[in-house]
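Have a look at the structure below before the remarks.
Here is how names work: the chains are called A, B, and so on, in the same order as the sequence lines, proteins then strands, and each is numbered from 1.
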There are 2 protein chains.
Amino acid sequence: MPRRERVRQATVEEIKAVARAQMAAEGTAAVTLRAIAREMGMTAPALYRYFGSRDDLVTALVTDAYNALADAMEAAVEAVPPGRHGDRVRAAFGAFRAWGLGQPTEFALIFGSPIPGYVAPEATRPAGLRYTDLLGRLLADAHADGALDPARIDLRVPPALARQVEAFQRRRGGPALPAPVLAFGLGAWARVHGLVTLEVFGHLAPAVGDGTALFEQELEVIVRQSGLPD
Amino acid sequence: MPRRERVRQATVEEIKAVARAQMAAEGTAAVTLRAIAREMGMTAPALYRYFGSRDDLVTALVTDAYNALADAMEAAVEAVPPGRHGDRVRAAFGAFRAWGLGQPTEFALIFGSPIPGYVAPEATRPAGLRYTDLLGRLLADAHADGALDPARIDLRVPPALARQVEAFQRRRGGPALPAPVLAFGLGAWARVHGLVTLEVFGHLAPAVGDGTALFEQELEVIVRQSGLPD
DNA sequence: CACTGTTGTTAATGCTGTTTACTCTACCGT
DNA sequence: ACGGTAGAGTAAACAGCATTAACAACAGTG
């Protein structure tokens, strides 16, 4: 990479880093071009050399956040031996929660309605699918190994839901899972998502304060219901 | 109520109504004092006679949204005979989802990170507890009637979680429930919350499009797991 | 009928994103 | 080695934002 390109890339990274810092320190409202430029010893219009608009910058932050979340989850999963499906699921969801609690503003950027007037453009879609794809792979691996207990999972799935779920699988390709298995996976995802968003956004605090115990409980329920051994 | 007070109250309501309309039409970004005043044929500073600041107006909107949500859920629950605990739970959660899908921007105001720089003040707390209190009452009623199946609910609750849950009950008063029952209720709440927020914020659409079938499935899982007959 | 508090106005301040016109400088091809 | 050029930065300006201050008009009450 030519020097020119390299220093430019470094500036782009610095802008995003400063934006993230300001966001973490003062909330999403503090992400103003002028404040970022001031921190960097520049003027606001200079930032337009690097991002077409403030929304473009936010979009980059959203994409980065999705990727950081997926990276954290993938690293956690890969630290567990491939065969131990239960522990891999625990690791994935645990990393999801840990990342959310560790970077609440970035978590909010993704899963809250981030910034007024800003709607996530299509460009964030691929990054946003990474962590759900990971969860899907976990489910598919466990199913391929026969580790899922069909007797427990086989909730009677109504035909309408089965059709939707099968259409989804055709769209996304990859290994085909039975509708009840995929429906179970979607349910597990929603459960964890609900618990973690409630906790990160402070809605859970009035009830249990620290949500760790409740989260681990929910994790055990999921693992036990799936019939995964470990 | 004297006439003076009455017209003032009407103006307050009009301001909030216009704000809600703009929010629904153009997103939370459109909630600007100038735009509201313009729509009402006034100037922006006049609004300060009714709300101390823009944040105060947003706080009022948040409180109203919480109350509307609780009203909708209470109405749905009361339409079901007191004894049919399963159907009452279905009605409550169904109303929760319907309200969220019906007023997505107000839903986001409550459950997303609403507006940059805005953090919900303590004043919204009482209204925010109404719908969770309703869910708690539903659980307590079912338990008092002996409608919950202890054999299915009695997931082994670790001591740490049991302690937290019991402390929560002491703080809030009301009937004391066994820790496993309350933990089950919190889990059910989180599941529904997760599914509905995913759906309302558009994260579920790529997977299943219409989330109705998945939601009803999840509802059945909850009701069946609780052992409620109907 | 005069007084007073309420409701509204205009003008001004200091933010914000964004565009335009301009300067400077580092690199690239000859 | 040197002129041309693309890139990076600046200052100035515009429109819109929340908010405050000073001021005008009106309604209700003594």
Side-chain angles (χ1 to χ4, degrees), chain A residues 1-23 25-62 109 114-121, chain B residues 1-23 25-62 109 114-121:
Chain A
M1 175 155 59
R3 170 184 153 73
R4 194 66 174 233
E5 198 77 12
R6 206 155 33 97
V7 42
R8 184 173 219 286
Q9 203 55 38
T11 308
V12 166
E13 287 307 318
E14 188 187 351
I15 293 171
K16 293 194 292 189
V18 170
R20 270 188 288 264
Q22 308 235 350
M23 201 168 67
E26 314 276 343
T28 50
V31 182
T32 75
L33 295 184
R34 289 175 135 95
I36 295 168
R38 203 179 310 128
E39 177 78 21
M40 295 178 66
M42 302 194 341
T43 60
L47 299 179
Y48 283 80
R49 298 283 170 194
Y50 302 91
F51 294 95
S53 71
R54 195 189 104 113
D55 274 14
D56 286 4
L57 169 58
V58 173
T59 297
L61 293 177
V62 169
L109 203 59
I115 280 186
Y118 174 84
V119 280
Chain B
M1 175 155 60
R3 168 184 156 74
R4 195 65 175 237
E5 199 77 12
R6 205 155 33 97
V7 42
R8 184 173 218 285
Q9 203 54 37
T11 309
V12 166
E13 287 307 318
E14 186 186 353
I15 293 171
K16 294 194 292 189
V18 170
R20 270 189 287 266
Q22 307 236 349
M23 202 169 66
E26 315 275 343
T28 51
V31 183
T32 74
L33 296 183
R34 288 172 128 93
I36 295 169
R38 204 178 310 128
E39 178 77 22
M40 294 177 65
M42 303 196 339
T43 60
L47 298 179
Y48 283 80
R49 299 286 171 195
Y50 302 92
F51 294 94
S53 70
R54 195 190 101 115
D55 275 14
D56 286 5
L57 169 57
V58 173
T59 297
L61 293 176
V62 168
L109 202 60
I115 279 185
Y118 175 84
V119 281

Problem set entry | Sugar-phosphate only, base, or nothing, as touched by S53(B) at under 4.0 Å among non-hydrogen atoms | sugar-phosphate
For this session: Walk along DNA chain D from 5' to 3' and tell me the first and last nucleotide with an atom closer than 4.0 Å to a non-hydrogen atom of chain A.
Result: dG7(D) to dA12(D)
Measure the [atom1]-[atom2] distance between [X] and [Y] for me, rounded to the nearest 0.5 Å.
{"X": "M23(B)", "Y": "L109(B)", "atom1": "CE", "atom2": "CG", "result": "5.0 Å"}
{"X": "T11(B)", "Y": "L47(B)", "atom1": "OG1", "atom2": "CG", "result": "10.0 Å"}
{"X": "Q22(B)", "Y": "T28(B)", "atom1": "CD", "atom2": "OG1", "result": "12.0 Å"}

To the nearest angstrom, how far is [X] atom [atom1] from [N] atom [atom2]?
{"X": "L33(B)", "N": "dT10(C)", "atom1": "CG", "atom2": "P", "answer": "16 Å"}
{"X": "R54(A)", "N": "dT18(C)", "atom1": "CZ", "atom2": "P", "answer": "8 Å"}
{"X": "L57(A)", "N": "dT18(C)", "atom1": "CG", "atom2": "P", "answer": "10 Å"}
{"X": "R38(B)", "N": "dT9(C)", "atom1": "CZ", "atom2": "P", "answer": "13 Å"}

For this session: Using a 4.5 Å cut-off on heavy atoms from C-beta on, say whether the side chain of F51(A) contacts that of V12(A).
Result: yes
Problem set entry | Validation row: L33(A), L57(A) side chains within 4.5 angstrom (heavy atoms) | yes
Problem set entry | Results of side-chain contact (heavy atoms from CB on, under 4.5 Å) for A21(A) - residues two or more places apart only | none
Exercise. Are the charged groups of E5(A) and R8(A) less than 4.0 angstrom apart, N to O?
Worked result: no
For this session: Scan residues 42-52 of chain B against DNA chain C and write down, sorted by residue number, each residue with any heavy atom closer than 4.0 Å; if none is found, say none.
Result: M42(B), T43(B), P45(B), A46(B), R49(B), Y50(B)
For this session: Between T11(B) and R34(B), just flag the one whose closest nucleotide in DNA chain C comes earlier from the 5' side.
Result: T11(B)
Exercise. Which of these, R38(B), M40(B), E39(B), sits in a side-chain contact (heavy atoms from CB on, under 4.5 Å) with M42(B)?
Worked result: M40(B)
